[in-house]
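Below: one structure, written as structure tokens.
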Amino acid sequence: MTGWSQAVSEARGQMTSRHLEATGETATLTGNRGLQLEEGLIFEQDSPGHCGVDLPEAASHKSRLGGLKRQAPIGLPGLSEPQVVRHFTRLSQKNYAIDSGLYPLGSCTMKHNPRLNEKLARLPGFADIHPLQPASTIPGALELIDTLAHWLKTLTGMPAVALSPAAGAHGELCGMMAIRAALTARGDPRRRILVPESAHGTNPATAALCGYAIDSIPNNARGRVDLAALKARLGGDVAALMLTNPNTCGLFEDEILEIAAAVHGAGAFFYCDGANFNAIVGRVRPIDLGIDALHLNLHKTFSTPHGGGGPGSGPVALAAALAPYAPLPWLVHDAGGLRLVEHAAGAAAQSIGRLKGFHGQMGMFVRALSYMMSHGADGLRQVAEDAVLNANYLRVRLDQQTGGRLSQSYPGCCMHEVLFDDRFLKDSGITTLDFAKALIDEGFHPMTMYFPLVVHGALLIEPTETESKAALDQFADTVNFLAERAQSGDGARFHTAPQLTPRRRLDETTAARKPVLRWRPEATRREATE
Ligand SMILES: Cc1ncc(COP(=O)(O)O)c(C=O)c1O
């Protein structure tokens with residue numbers, strides 16, 4: 001135990017499960033307690049006639065609605081200003097966020113979003129421009145996009161970068177479409193894509209969307225791609241390999257140069273899922289690994305807010321062989337300065353066309369460039385080193401081999417995230433899901449569970465570089481404490497978790513299959529369920 005957990009434990013009088021049973025309390029090591037009022041939705045709090053504002057009667061004017069005037073009140077709930085403010089403040093507190101605590105979600109890289117980025121993204125010159133404004137009125141924005149592209153090209157070593165893709169998965173689509181276009185142009189359409197079995201689900205999904213058959217490559221005993229199996233699967237009908245590096249087991253593919261040579265030897269392209277670039281940014285240039293196309297999730301490496309499939313950004317870096325197929329628009333330098341190429345003609349004649357309206361997510365571009373320039377090249381390198389250091393610190397603190405209680409799937413150093421399996425829960429009757437739910441009672445967002453699929457009951461932990469040693473110690477103490485409780489047969493703590501959240505454990509299958517996404521007044525709600 002560290003000083004922190006010792007102090008907590010002492011202060012709380014060494015609460016044992018028996019003591020807590022007697023008092024009816026639930027023990028948490030962190031001392032987490034809910035401070036949540038049960039309240040209805042804002043429509044259910046309605047007191048008809050109440051209003052939070054006092055507006056003067058509007059001057060009457062002639063209606064121009066042509067008879068379409070509303071016949072009945074709109075039905076907004078009547079509440080005072082404090083009621084509304086409190087309601088939304090409470091709602092915001094129900095949302096776990098990187099700003100409220102460590103967010104160890106492996107493969108999702110929940111990075112701190114520096115406030116400087118936010119400040120710059122709100123500058124009116126960037127925030128208020130309209131995508132339909134003539135390019136001649138936005139030289140500053142074009143300059144920013146060009147500078148961001150320059151940084152990305154320098155960090156990847158690639159000659160071209162497409163900024164319009166809106167997420168990692170969208171970037172994959174862009175890269176695979178460029179590969180398909182290049183193969184078609186050389187009169188060699190191929191039909192198979194090789195994808196390692198540990199890959200993120202978006203990889204095979206993207207390949208399938210592009211019309212390819214997926215061929216799964218097994219992992220070896222070290223958690224990396226099985227090189228012999230890969231070579232055996234290569235052939236004249238393989239269009240590309242889609243490989244994640246560092247991979248989703250949190251390991252660097254140390255045979256990557258041989259992999260690249262084998263793929264190129266078969267006349268195929270090498271696509272790299274660069275979602276985990278945070279672990280190698282500033283240390284390794286993907287071009288030097290033999291990669292032809294690679295997407296970067298700006299939220300995972302360059303600290304833009306996590307889009308959750310929303311307004312994110314997943315630029316794609318392309319090697320020279322794929323650069324002519326980059327999507328529109330292109331930003332080019334010529335005698336007149338920076339210019340946008342919007343149509344597939346001239347040098348851009350082979351472009352795959354537009355993937356998205358306009359130029360991409362300007363707000364994300366500003367934030368990412370702000371992050372890069374405020375860190376500098378040396379700072380970015382430090383980011384990668386610290387992300388790897390933090391993950392390995394947790395690995396050592398949690399792994400059974402080094403005094404912890406969890407079972408590491410592939411022993412040895414990891415990159416930015418560390419993968420455990422559920423062997424440490426053997427015979428306890430407790431599952432990975434139960435374990436993760438108990439972590440919520442301790443005030444932490446759980447780690448990624450059951451992914452990657454290559455290990456049983458996976459727990460994938462990614463602390464990121466901004467967590468302090470104290471925060472890592474608090475998390476490690478909590479996870480080890482829970483593992484000790486699980487191994488000592490304290491099943492009740494796990495099977496009924498979470499106990500301190502506004503809602504207890506949901507039936508996750510029903511919640512996923514029959515989600516209730518619409519508010520209905522009580523009366524119709526009853527009708528709908530009857
Ligand atoms: C390895 C990997 N590839 C692809 C993606 C897809 O990225 P996005 O969610 O931005 O579409 C993710 C997302 O976390 C990922 O971890």
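Just so you know, ligand 1 is whichever comes first in the structure, and atom 1 is the first atom listed for that ligand. This is a predicted model, so every value here is computed, not measured.
- Judged by distance alone, the side chain of E253 and the main-chain N or O of V225 form a donor-acceptor pair under 3.5 Å.
- Between the side chains of S407 and Q400, no donor N or O sits under 3.5 Å from an acceptor N or O.
- When only modelled atom types and interatomic distance are considered, H456 and D421 share no side-chain donor-acceptor pair under 3.5 Å.
- Less than 4.0 angstrom separates some heavy atom of A169 from each of these atoms of ligand 1: 6 (C), 7 (O), 8 (P), 11 (O).
- For the residues M242, E172, H200, the heavy atom positioned nearest atom 12 (C) of ligand 1 is part of H200.
- When each atom of ligand 1 is checked for a heavy atom of A275 under 4.0 Å away, the hits are 1 (C), 2 (C), 3 (N), 15 (C).
- Inspection of the N203 and E172 side chains reveals an N or O donor paired with an N or O acceptor under 3.5 Å.
- Closest heavy-atom contact between L257 and L289: CD2-CA, 3.8 Å.
- Considering both main-chain and side-chain atoms, G168 comes within under 3.5 Å of ligand 1 through a nitrogen or oxygen pair.
- Ligand 1 does not have H170 within reach: every non-hydrogen atom of the residue lies 4.0 Å or more from it.
- Counting non-hydrogen atoms of neighbouring residues, nucleotides and ligands closer than 6.0 angstrom, the CD atom of Q133 exceeds 12 such neighbours.
- Looking at K300 against ligand 1, only its side chain comes within 4.0 Å, counting heavy atoms.
- Not a single heavy atom of G314 sits closer than 4.0 Å to an atom of ligand 1.
- Proximity of R505 to K437: side-chain heavy atoms (C-beta onward) are separated by under 4.5 Å at one or more points.
- Considering backbone and side-chain N/O atoms, H295 never comes within less than 3.5 Å of an N/O atom of ligand 1.
- Taking distance alone, with nitrogen or oxygen atoms compared against 3.5 Å, T248 stays at or beyond that limit from ligand 1.
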